[in-house]
Each structure stands twice: as C-alpha cells, then as structure tokens.
There are 2 protein chains.
Amino acid sequence: MKQLISQCPIEEVMQILSGRWPTLLVYYLKDGTKRFSDLRRDNPTISHKMLTLELRKLENAGIVSRAEFEGYPLRVEYDLTPAGLQLVPLLDALGGWWENANGAAQVSVPPVKQPSSDRRRALHRKISS
Amino acid sequence: MKQLISQCPIEEVMQILSGRWPTLLVYYLKDGTKRFSDLRRDNPTISHKMLTLELRKLENAGIVSRAEFEGYPLRVEYDLTPAGLQLVPLLDALGGWWENANGAAQVSVPPVKQPSSDRRRALHRKISS
DNA sequence: CGGTATCCTCGGAGATACTG
DNA sequence: CAGTATCTCCGAGGATACCG
C-alpha cells in the first residue's frame with residue numbers, strides 16, 4: 001500500500017487505517033488524553049518502534065494531535081483531533097455492521113457447533129450453464 | 001494482521017478490509033456482477049494470485065458471493081452479498097469524512113502551495129511544563 | 001520518558017508455469 | 001477462463017542499543 005493507484009478517497013483512507021493498530025489507537029484515545037507509555041500499556045504487543053510510526057501516521061493524517069511537554073522525564077500526550085473524534089462513530093458503524101452481518105448468520109444456524117468460515121464456502125452455487 | 005489481539009469487532013473488520021484491494025473490489029462490484037477477468041481489467045496492477053486470494057477472503061467474510069458456471073471456457077461471476085451491499089454506504093461515509101477532514105484544511109490555507117503533510121507536523125505544540 | 005538508528009528475519013506478494 | 005502450485009525476493013516490522 002505504498003502509493004495510490006486510484007483517485008478514490010476510500011483508498012486514501014484505507015492507506016491510513018489499514019493494519020491492526022490505527023483503529024485500535026483511535027479507540028484507546030477516544031477515552032481521552034493518553035501518554036506514549038499509556039498507549040504501550042494498552043497494547044502490550046505493539047513494539048516501541050511501530051507505536052511511534054503509527055502515531056506519526058495518524059498525526060500526519062490529522063487524526064491525532066501530539067503535545068510535547070518540556071522537562072525531565074520527557075512527557076508527550078496524544079489526543080484525538082476534531083477530525084479524529086468524527087471518525088469514531090464511523091468506525092462504530094463499521095463494527096456494528098460486522099457484528100450484524102455476522103451475528104445474523106450465527107443466529108440462523110443455532111444448534112450447529114459454529115463451523116463459521118468453512119460453511120460459507122459451502123454456499124458456492126454450482127450452476128449448469 | 002494474522003490473529004486478533006482484542007475482541008473488538010473493529011479489529012475483526014479491519015482484518016478483512018485492510019490493504020489496497022478489498023475496498024476497491026467492493027467498489028467495482030457495487031456496479032453489478034463482474035467476472036474474474038473483468039475485475040482483473042478493472043485493476044490492472046493486481047496479480048492473478050492476489051485477486052483470487054482477496055476474493056476468497058471477501059467471500060469467506062460473507063461480503064462477496066461466487067457463482068461458478070460449468071462449460072468451456074470456464075466462467076465465474078462475483079457479486080456483492082446483501083451484507084456487502086450494506087457495507088458500501090459505510091465506506092462512502094468514510095470517504096466523505098476523509099475528503100472533509102482534509103479538504104477543510106486545504107481550504108483554510110488557500111494561497112500556500114500545499115505543503116500538506118510536513119505542515120501538519122509543524123503544528124506540534126511546544127509547551128513549557 | 002519518548003524517539004531514533006541499526007541490524008536481521010520472516011512472510012506477503014510478484015512471476016511463472018501448469019491443470020480442469 | 002479461473003484457479004493452484006512453486007520459487008523467489010523485498011521490505012514491513014521485531015529486537016536492541018543509544019540520545020535528549
């Protein structure tokens with residue numbers, strides 16, 4: 001996903017939000033100001049390096065703001081920008097859509113022991129031309 | 001993005017939609033039924049292999065349906081499922097949000113020759129503790 | 001504490017060729 | 001035409017160490 005190949009805004013958004021971390025970070029920040037180390041604690045599996053890179057990306061995209069305080073030990077606080085705040089309900093909608101498009105299928109096949117993904121492949125229609 | 005680390009539905013969605021192709025494919029399919037070769041023509045830069053993989057992913061996620069017709073030469077048609085159709089307006093909303101959060105910044109800095117990304121970094125607030 | 005630089009590895013994805 | 005299999009390679013991302 002290095003460079004864009006269409007002029008579609010969706011592709012631009014996905015270039016920012018793709019991957020495991022961007023959306024998770026937005027979600028953690030939605031609860032309010034967080035320091036770098038807070039975010040590390042929130043996502044123990046993200047590496048030091050990736051956290052800074054992802055935060056820079058979100059910052060450059062105008063989704064997250066960074067406030068640097070002088071003194072020792074260093075202190076930096078991250079927040080959602082207004083644009084970032086507007087993004088939250090959209091992500092919520094996506095999450096809702098997913099649980100729905102998905103939970104629905106699960107409910108309609110109640111007693112089966114959840115063969116989920118393989119079962120969908122069985123829906124392949126075989127049609128005699 | 002192999003395995004999930006939170007139970008957040010957003011992370012599940014992003015696992016499916018992350019990357020350049022999933023959303024583009026959804027967009028091309030929104031215009032109606034497409035054959036495998038149509039989708040290749042729509043995205044000349046995607047490799048044969050990746051296209052099949054991405055389509056499988058979307059199919060297993062219940063976003064795309066696959067119809068296989070017997071005969072020679074082989075023929076396979078792809079369509080959005082009802083869930084996939086519901087996804088489209090959500091992606092549109094994301095695209096709108098982006099153009100907005102973004103176009104707004106551009107409009108508010110009219111005569112400057114669009115230093116976009118670097119200029120945002122200049123917004124770093126330096127605050128004396 | 002927060003960030004950068006360096007090294008290293010492992011798997012995502014391209015190219016190619018083959019099958020039904 | 002649509003899909004699979006094999007090989008290969010590049011770069012995203014982890015580990016580590018050092019700076020302000």
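Each chain gets a letter, A, B and so on, in the order its sequence line appears, and its residues count up from 1. Nothing here was measured: the structure is a model prediction, and the numbers come from that model.
Proximity of a side-chain donor or acceptor of R40(A) to a complementary backbone N or O of I46(A) within less than 3.5 Å is detected.
When the side-chain nitrogen and oxygen atoms of R56(A) are compared with OP1 and OP2 of dG3(C), one or more of them lie within a distance under 4.0 Å. At dC1(C), none of the side-chain N or O atoms of R35(A) fall inside 4.0 Å of OP1 or OP2 (strictly under the cut-off). Proximity of R75(A) to the phosphate of dG2(C): no side-chain N or O atom is located under 4.0 Å from OP1 or OP2.
Comparing atom distances between the P73(B) side chain and each of dC1(D), dG3(D), dC1(C) picks out dC1(D) as nearest. Of all nucleotides listed (dT6(D), dA2(D), dG2(C)), dT6(D) comes nearest to the side chain of K49(B). Nearest to the side-chain atoms of M50(B) among the listed nucleotides dG3(D), dG13(D), dA13(C) stands dA13(C). Proximity note for Y72(A) (side chain, C-beta onward) versus dG20(D), dC1(C), dG14(D): the nearest is dG20(D).
Note: CG (N43(B)) to P (dG14(C)) measures 12 Å, nearest angstrom. For the pair R41(A) CZ and dG2(C) P, the computed distance is 8 Å after rounding to whole Å. Here the P atom of nucleotide dG2(C) and the CD atom of E54(A) are 18 Å apart, to the nearest Å. A straight line from CZ of F69(A) to C1' of dC1(C) spans 14 Å, rounded to a whole angstrom. Between the CD atom of E68(A) and the C1' atom of dT4(C) there is a distance of 14 Å, given to the nearest Å. Atoms CG (L53(B)) and P (dA2(D)) sit 16 Å apart, rounded to a whole Å. dG14(C) atom C1' lies 13 Å from atom CZ of R20(B), rounded to whole Å. Remark: P of dC1(D) and CG of L39(B) are 14 Å apart, rounded to the nearest angstrom.
The only member of V13(B), L17(B), L80(B), T23(B) that meets side chain to side chain contact (heavy atoms under 4.5 Å, CB included) when paired with L87(B) is L17(B).
By the 30° and 60° cut-offs, the orientation of the rings of H48(A) relative to F36(A) is perpendicular.
Both S47(A) and L74(A) sit near DNA chain D, but only S47(A) has its closest nucleotide nearer the 5' end. DNA chain D is contacted by both T45(A) and T52(B); T52(B) maps to the nucleotide lying nearer its 5′ end (nearest heavy atom per residue).
For the pair E54(B) and R56(B), the salt-bridge criterion is not met [side-chain N within less than 4.0 Å of a carboxylate O].
One can find a donor-acceptor pair under 3.5 Å joining the base of dG3(C) and the side-chain atoms of H48(A).
L74(B) and L51(B) fall into different hydrophobic clusters, defined by Ile, Leu, Val, Met, Phe, Trp and Tyr side-chain heavy atoms under 4.5 Å apart, directly or through other members.
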